[in-house]
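Naming: A, B, ... by sequence-line order, numbering from 1 per chain. The analysis underlying the following values was restricted to heavy atoms, covering all of them including side chains, and did not include hydrogens, waters or symmetry mates.
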Number of protein chains: 2
Amino acid sequence: MTSVGRSVTIQDVANDSGVSVATVSRALRGLPNVAPSTRERVQESAERLDYHPDPAAARLASGRSRTVAMAVPSLDSWYFTQVMAGVEAVLTAAGYDLLVFAIDSDSARRRMTQGPLVKRADGLIIVNIKLSADESAALASAGVKVVSVGAASDSFSSVRVDDERVAELAVEHLMSLGHRRIGLAGHGDDPMKFDVPLDRRSGYRNVLERAGLTVDEELERGAGFSVAGGSEAAAHLLDLDDPPTAIFAMSDETAFGVMRAVWDRGLRVPEDVSVVGVDDHEFSAVVGLTTIRQDVTEHGSVAARLLLDRFVDPAIEATKYAVPIALIERKTTSAPAVIRH
Amino acid sequence: MTSVGRSVTIQDVANDSGVSVATVSRALRGLPNVAPSTRERVQESAERLDYHPDPAAARLASGRSRTVAMAVPSLDSWYFTQVMAGVEAVLTAAGYDLLVFAIDSDSARRRMTQGPLVKRADGLIIVNIKLSADESAALASAGVKVVSVGAASDSFSSVRVDDERVAELAVEHLMSLGHRRIGLAGHGDDPMKFDVPLDRRSGYRNVLERAGLTVDEELERGAGFSVAGGSEAAAHLLDLDDPPTAIFAMSDETAFGVMRAVWDRGLRVPEDVSVVGVDDHEFSAVVGLTTIRQDVTEHGSVAARLLLDRFVDPAIEATKYAVPIALIERKTTSAPAVIRH
DNA sequence: AACAAGGCTGCAACCGCTTACAATTCTTGC
DNA sequence: GCAAGAATTGTAAGCGGTTGCAGCCTTGTT
């Protein structure tokens, strides 16, 4: 029993409905030049026989895989999986498959831009990964459409937030509360070299400069977009001779780490140190973190949609989609205990 | 420029190395019965030409896709993505592709067990989803190997924790601190009908009964494994005439929601209400949540490994792998303010 | 009534790889 | 030195669709 019964093929449907396999193929895929009555008959047969085209065969014959790959630096981060949720929803609705890759090594990265991956997907969504010119060219010449989330690009569409503005919103908020010595946690050398941290640092500096303050590089501390990174950065900042009264963390996860470090020193948030993050992570509401909200799932759904559009019309121009942002004030920011000037 | 150049095929390698395509195929896949010298020559050609077999063609010819699908109730939960990280790492190392599906509707569920999915993957990893006998049979007869994470099964391998024991550890810990009125947040009618919540409730009840306490169903409050669910459940429990002095939440995410609700009432954790969760989520350390630790990523890697084993030896028997657990005491549990008896 | 123009269908050639089976070449035992 | 058996390699038939091209039927024209 449970023999792996040969599954029903297009030939079976053709026999059943009395037409050729070519007509079945055309009828089922909604191509023109099929008599309505024929199409109906074929559809009825297909349904009755529970026919499902073999994706491998279709792929081989057509050269299209109806699959898109998504490459992220790591799978265990909240941000990436939120994006993935958005991507998956749109793709599934359109009948596309989603292939997932973690790009956590050079070899994985090579796999992404060279042979293997390319033959598996029609499109690629990269998240917080910046491609080199060579890599972009390789993908383009292989016919793989790319959409970038997080990092901008000239050669393909991207969806991101205005990162400078994100930082400006956060820092302006802290300035308006009276803070003048504001730490920065989160820029730094990202292994994937993408520009989000740099843009956010620019925004941070813009606000300080516009207010006539001098930028103190001592207050800028690199950190991964992670809890651990935030803790490490905050520990450093709090140990300064003249520590900041507020810290702008480049992501909520970083901010949680910052808060942890503040608490570990017996200090209070926001009485001793104000903290503001970016994302509006699910737990931000739990701990009352003030943050710059962005709809991360929307990043994913927009990216998927842009890619699908590109499939139907390859000539469509690359667009830069900016997701809206907003300051969400909660309980981790307040006026500094001692106003400095 | 950037013309989509025809990529190099097995025929090109055959020509280059002066053998037939059949020999190339055998040589490159490491099959026996290929002269060492020939194999070497073929490998050298393949490498020089940058040959990568077309997965669609291989799939069509062999009937195997070297792809496994992973189905989760939702993609935006910490738990599922941790599992995914473990799965992806193992799969990628073995040269397998990972297809991801969110099973959030009946139609998605049907898609999983019937035609479409089955033709896309050799194996399926389901997380916190319990298959009906019909569904299992459908997959088996289609030749798809299944491994379950979270839910147990008789027909295929599963990896999970001893859920009764998880709950016992948590509740025993609370009892040892002196708590006698302990709330439960998290069991309840899961849309995917899986048994983790029920088993954990059993464990919870076991401890109470062993201690000679009567089970008060009023203290058992359903909730999704989410922050919102935890808040809702805790709000209900705290409104009881005789509220619990401690709450066992079935996941850390649930526990965070519980804590939120406690704080919202102006109460303190653990002084007024002790809280213990399950998972050891990344943020548990941040907020100091006492929890029952389980290595979720390991769930994924073990599941993937079991599946791969099954591919090489289909006759291998279904195993039930239990991931170790441990109580991690932090700062959300303490003796109750008033010891009742 | 003859003819051109479409609208539908079927034919058949791939797509690139796997794998039975046949063919050829080596080894070995005697 | 020769036949049998083992080790290699080649031949060719699929796998299940897609799609360019040709052929057959209707219709509408003149």
Side-chain angles (χ1 to χ4, degrees), chain A residues 4-43 45-46 49-67 95 115-116 118-120 122 142-143, chain B residues 4-43 45-46 49-67 95 115-116 118-120 122 142-143:
Chain A
V4 182
R6 201 183 59 70
S7 68
V8 12
T9 73
I10 198 173
Q11 183 66 62
D12 298 324
V13 178
N15 294 154
D16 186 79
S17 50
V19 296
S20 70
V21 296
T23 298
V24 173
S25 175
R26 285 186 285 247
L28 259 26
R29 283 182 302 143
L31 296 189
N33 291 335
V34 174
S37 62
T38 305
R39 192 187 303 272
E40 204 170 328
R41 189 151 34 89
V42 170
Q43 285 172 332
S45 281
L49 298 179
D50 193 31
Y51 166 69
H52 298 283
D54 182 322
R59 159 70 160 119
L60 181 57
S62 72
R64 269 159 274 123
S65 60
R66 290 191 74 82
T67 296
V118 156
K119 295 191 176 167
R120 292 168 156 70
D122 299 334
Chain B
V4 182
R6 200 182 59 70
S7 67
V8 13
T9 74
I10 197 173
Q11 182 67 61
D12 298 324
V13 179
N15 293 154
D16 186 78
S17 50
V19 297
S20 70
V21 296
T23 299
V24 173
S25 175
R26 286 185 286 246
L28 261 25
R29 282 182 303 144
L31 295 189
N33 291 336
V34 174
S37 62
T38 305
R39 191 188 304 272
E40 204 170 326
R41 189 152 35 88
V42 170
Q43 285 171 333
S45 282
L49 299 179
D50 193 31
Y51 166 69
H52 297 282
D54 182 321
R59 158 71 161 118
L60 182 57
S62 72
R64 269 159 274 120
S65 60
R66 290 190 75 81
T67 296
V118 156
K119 295 191 175 168
R120 291 168 158 70
D122 298 335

Table of protein N/O atoms under 3.5 Å from nucleotides 5-8 of chain C N/O atoms:
none

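The 5' end of DNA chain D is approached more closely, in terms of each residue's nearest nucleotide, by Leu60(A) than by the other of Leu60(A) and Arg64(A).
Residues Thr9(B) and Asp54(B) form no side-chain contact, since every pair of their non-hydrogen atoms from C-beta on lies 4.5 Å or further apart. Residues Tyr51(B) and Asp16(B) have side chains not in contact (no heavy-atom distance under 4.5 Å, counting atoms from C-beta outward). Between Val118(B) and His52(A) there is no side-chain heavy-atom pair separated by less than 4.5 Å.
Of the possible donor and acceptor atoms, one in the side chain of Arg59(A) sits under 3.5 Å from a partner among the backbone N and O of Gly63(A). Remark: side-chain polar atoms of Thr38(B) are not paired, donor with acceptor, to backbone N or O of Val34(B) under 3.5 angstrom.
In this entry the distance linking CZ of Arg120(B) with P of dG16(D) reads 15 Å, nearest Å. Look at CG on Asn15(B): it is 12 Å from P on dC17(C), rounded to the nearest Å. Rounding to whole angstrom units, CZ of residue Arg29(A) and P of dG16(D) are separated by 17 Å. One can place CG of Asp12(A) at 9 Å from P of dG17(D), the figure rounded to the nearest angstrom. Atom CG of Leu31(B) and atom P of dA7(D) are 15 Å apart (whole Å). Nucleotide dT8(D) holds its P atom 14 Å from the CD atom of Glu40(B), rounded to whole Å. A straight line from NE2 of His52(B) to P of dG16(C) spans 15 Å, rounded to a whole angstrom. Look at CG on Asp122(B): it is 14 Å from P on dT18(C), rounded to the nearest Å.
Across all strands, Val19(A) comes closer than 4.0 Å only to sugar-phosphate atoms, never to a base (heavy-atom distances). Using a 4.0 Å heavy-atom cutoff across all strands shown, Ala22(A) reaches at least one base atom of the nucleic acid.
With dG17(D), dG10(D), dT9(C) as the choices, the nucleotide that has an atom nearest any side-chain atom of Arg26(B) turns out to be dG10(D). For Thr9(B), taking side-chain heavy atoms from C-beta onward, the closest of the listed nucleotides dC17(C), dT18(D), dG10(C) is dC17(C). Here the nucleotide nearest the side chain of Ser20(A), chosen from dC17(C), dG16(C), dG10(C), is dG10(C).
No donor-acceptor contact under 3.5 Å links the side chain of Arg59(A) to the base of dG16(C).
Of all heavy-atom pairs spanning Val8(A) and Lys119(B), the tightest one is O-NZ, 3.9 Å. In terms of heavy atoms, Leu28(B) sits closest to Ala46(B) at CD2-CB, 4.1 Å. Annotation for Arg39(B) and Leu31(B): closest pair NH2-O, 2.6 Å, computed over non-hydrogen atoms. Of all heavy-atom pairs spanning Asp12(B) and Ser7(B), the tightest one is OD2-O, 4.2 Å.
Contact check, Ser25(A) against dT18(D): a side-chain N or O comes under 4.0 Å of OP1 or OP2. At dC17(C), none of the side-chain N or O atoms of Ser62(B) fall inside 4.0 Å of OP1 or OP2 (strictly under the cut-off).
Annotation: the terminal axes of the helix from dA1(C)-dT30(D) to dC30(C)-dG1(D) meet at 40°, where each axis is the rotation carrying the C1' atoms of four end pairs onto the next four (5 pairs per end, rounded to 10°).
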Checklist entry - Arg41(A) and Val19(A): side-chain contact (heavy atoms from CB on, under 4.5 Å), yes or no, with the steps? => result CA-CA 10 Å; Arg41(A) 189 151 34 89; Val19(A) 296; 4.0 Å; yes
